[in-house]
Participant: 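Sharing a structure here in structure tokens format.
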Amino acid sequence: GRSTPTRREAEPAPPRPSGAPFSGLRVVDLGTFWAGPYCTMYLGALGADVIKIESTRRPDGFRFSGTVPDMGSDWYERGVVFAATNLNKRGVTLELTTEAGQALLRRLLEDADVVLENFSARVVEQFGLGYEAVRAIKPDVVMVRMPGFGLVGPWRDYVGWAMVIEQASGMASVTGPPDRPMHPGGIADPVIGMHAAVAVQAALAHRERTGEGQLIEVAQLETGANLAAELVLEWSAQHRAIPRRANRDPHVAPQGVYACQPGERGPAWLALTIPDDQSWATFAALLGRGDWVTDHRLADVVGRRARHDELDVGIAAWAQGRAVDDAVDALIRLDIPAARVLTVPHMSDDPQLAARGYYVPLDHARAGVRRYPGWPMQFSFAPGRQQRWGAPTLGQHNQAVFHELGLSDAQVATLEDAGVIGDAMAAPG
């Protein structure tokens, strides 16, 4: 569909920094949701020109996370989750079910150094965009394919999400309390994305040396298995499956997370560890539990682990009557490891993160200025957190990118009228 873009939406993205490592690199981003787009966002942060491809009929599904239609007709532009995964990119739309859309994509691929997709294996192949087809267009291309379960094997065509990968790889078997069902958290996606980024950098170094392109296959299942390697090693060495322990540790006790008095921003939690027997005696005295101090069965870690449930009840009773900062201060003064659990409201203004400039304010054409997480690495060649500009709105850079391909204003308008491109989500049907 066509809409009248604002001035800010119509202007091209800021120029690429000439000194950045990936300056001059063209990345065609066919990724969706988190794993693939997170990789390309990293490349864009360090100078690559990342062209994100969506469709007005099927935008990136992450646009619908953390936002609702009640926000207005452009509600899908206002989600923070999509925005924080697609910084540093230019956005175009192409309806790839049309010959014109596929032809334009092939034009973009002619100048592509890197092409990335993270659909199930069959999706891009249905559009004739497997590696051999893309290499026929650009022989030295580095193509990254990130299917959930790989390009071969009996699960090849299955769709995989982060929480699925965490269960299929065994990670979820060791997270959460032992008396509750498995509860995968969905953290695998950005880790998978950074695995892909490392592989891309290796492939680009190989191409620079040899002139050869590369197919990179990042099976998300295998990334999850890599993260869960400790489980396999423990079984191989000890023939023992590591159980779920919640917040407990096999070598110290007690250890846990305990609810304190709620604060202005909601629930507040105290995390603490008793690392040795001397700390235990000090801790028990602080809590006024003379019975714990004199109980010889609690004098060593073996005895405390055996009665962990009982100790948790007593610690929880002590914590719930205190402000979390007061509890932390009291424990730290006695050299007992303790901290407030850093919940989301407190992360936004955590003094350590603030002092390090971790959050980066960036503008967005519809949502305005927000703070976004920077990268957890800093480079002396370019001080700062390396985020360059906010995420694109749907089709925001259609005119700029397609003009670069040589299309006239009239040709772009014809494509819009035909529904091949657009800057608003198409109506269902």
Participant: Does the pair D312/R248 count as a salt bridge with the N-to-O cut at 4.0 Å?
Facilitator: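 A salt bridge is present here (some side-chain N lies under 4.0 Å from a carboxylate O).
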Participant: Any Lys/Arg nitrogen of D111 or R26 sitting under 4.0 Å from an Asp/Glu carboxylate oxygen of the other?
Facilitator: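 Not counted as a salt bridge, because no side-chain N and carboxylate O are separated by less than 4.0 Å.
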Participant: What pairs of residues pass the ring-ring contact (aromatic ring centres under 6.0 Å, His included) test when at least one of them lies in residues 117-136, not counting sequence neighbours?
Facilitator: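 As it turns out, there is no ring-ring contact (aromatic ring centres under 6.0 Å, His included) pair with a partner in residues 117-136 once direct neighbours are skipped.
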Participant: Suppose we call two aromatic rings close when their centres sit under 6.0 Å apart. Are Y38 and W375 close by that rule?
Facilitator: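 Under 6.0 Å, so yes.
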Participant: Assess, by modelled atom type and distance only, whether the side chains of T223 and N226 contain a donor and an acceptor separated by less than 3.5 Å.
Facilitator: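 Short answer, no.
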Participant: So does D309 pair up with R307, basic N to acidic O under 4.0 Å?
Facilitator: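 Salt bridge flag = no for R307 with D309.
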Participant: With heavy-atom distances below 4.5 Å as the criterion, would you say the side chains of Y76 and P69 are in contact?
Facilitator: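 No. Closest side-chain heavy atoms not under 4.5 Å.
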Participant: Salt-bridged, K52 to D60, with N to O below 4.0 Å?
Facilitator: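 Salt bridge present between K52 and D60.
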Participant: Please check: side-chain N/O of Q201 versus main-chain N/O of A197, any donor-acceptor pairing under 3.5 Å?
Facilitator: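 Between the backbone of A197 and the side chain of Q201 there is a qualifying donor-acceptor contact (under 3.5 Å).
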Participant: May I ask you to decide whether E110 forms a salt bridge with K138, counting only side-chain N to carboxylate O separations under 4.0 Å?
Facilitator: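 Answer for the salt bridge query: no.
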Participant: Are L270 and L331 packed together at the side-chain level, in the sense that at least one heavy-atom pair is separated by less than 4.5 angstrom?
Facilitator: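 They are in side-chain contact.
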Participant: Under a 3.5 Å cutoff, is there a donor and acceptor pairing between the side chains of S120 and R122?
Facilitator: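 Side-chain D/A pair, S120 to R122: present.
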Participant: Tell me whether E404 is salt-bridged to R90, with the criterion being a basic N under 4.0 Å from an acidic carboxylate O.
Facilitator: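 Looking at R90 together with E404, the answer is yes, because their closest N to O distance falls below 4.0 Å.
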Participant: Is the ring pair F62/F33 parallel, tilted or perpendicular, if the boundaries are 30 and 60 degrees?
Facilitator: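 Plane angle over 60°, so perpendicular.
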Participant: Take T414 and D417 through the test side-chain hydrogen bond (donor to acceptor under 3.5 Å, both in side chains) and record every step on the way to the result.
Facilitator: CA-CA 5 Å; T414 298; D417 291 336; 5.6 Å; no
Participant: Q255 vs T273, test: side-chain hydrogen bond (donor to acceptor under 3.5 Å, both in side chains). Steps then yes/no.
Facilitator: CA-CA 4 Å; Q255 173 175 281; T273 295; 2.7 Å; yes
Participant: Between E54 and R63, is there a salt bridge with N-O shorter than 4.0 Å?
Facilitator: yes
Participant: Within the 4.5 Å heavy-atom criterion, are N118 and I192 side-chain neighbours or not?
Facilitator: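 They are not in contact (no side-chain heavy atoms under 4.5 Å apart), so the answer is no.
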Participant: Hey, does the Lys NZ or Arg CZ of R371 hover above the aromatic six-ring of Y359, less than 6.0 Å from the centre and inside 45° of the axis?
Facilitator: yes
Participant: Any side-chain heavy-atom pair from T93 and D423 closer than 4.5 angstrom?
Facilitator: no
Participant: Looking at the rings of Y258 and W318, which for Trp means the six-membered one, are their centres under 6.0 Å apart?
Facilitator: no
Participant: Between R78 and D74, is the closest basic N to carboxylate O distance under 4.0 Å?
Facilitator: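 A salt bridge links D74 with R78.
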Participant: Salt bridge check: are K89 and D49 linked by an N-O gap of less than 4.0 Å?
Facilitator: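 Between D49 and K89 there is no salt bridge, as every charged N stays at least 4.0 Å from the carboxylate O atoms.
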Participant: What I want to find out is whether E234 reaches R240 closely enough, with some N-O distance under 4.0 Å, to be called a salt bridge.
Facilitator: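 Here E234 pairs with R240 in a salt bridge, since their nearest N and O are under 4.0 Å apart.
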Participant: How about R145 and E125: do any of their side-chain heavy atoms sit closer than 4.5 Å?
Facilitator: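 Yes, at least one pair of side-chain atoms sits under 4.5 Å.
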Participant: Do D113 and R207 pass the salt bridge (Lys or Arg N to Asp or Glu O under 4.0 Å) test, and can you show the C-alpha distance, the side-chain angles, and the key distance before you say yes or no?
Facilitator: CA-CA 10 Å; D113 298 291; R207 189 180 75 163; 3.0 Å; yes
Participant: Whether the H346 and R340 side chains hold a donor-acceptor pair (N or O, under 3.5 Å, no angle test) is what I'd like checked.
Facilitator: yes
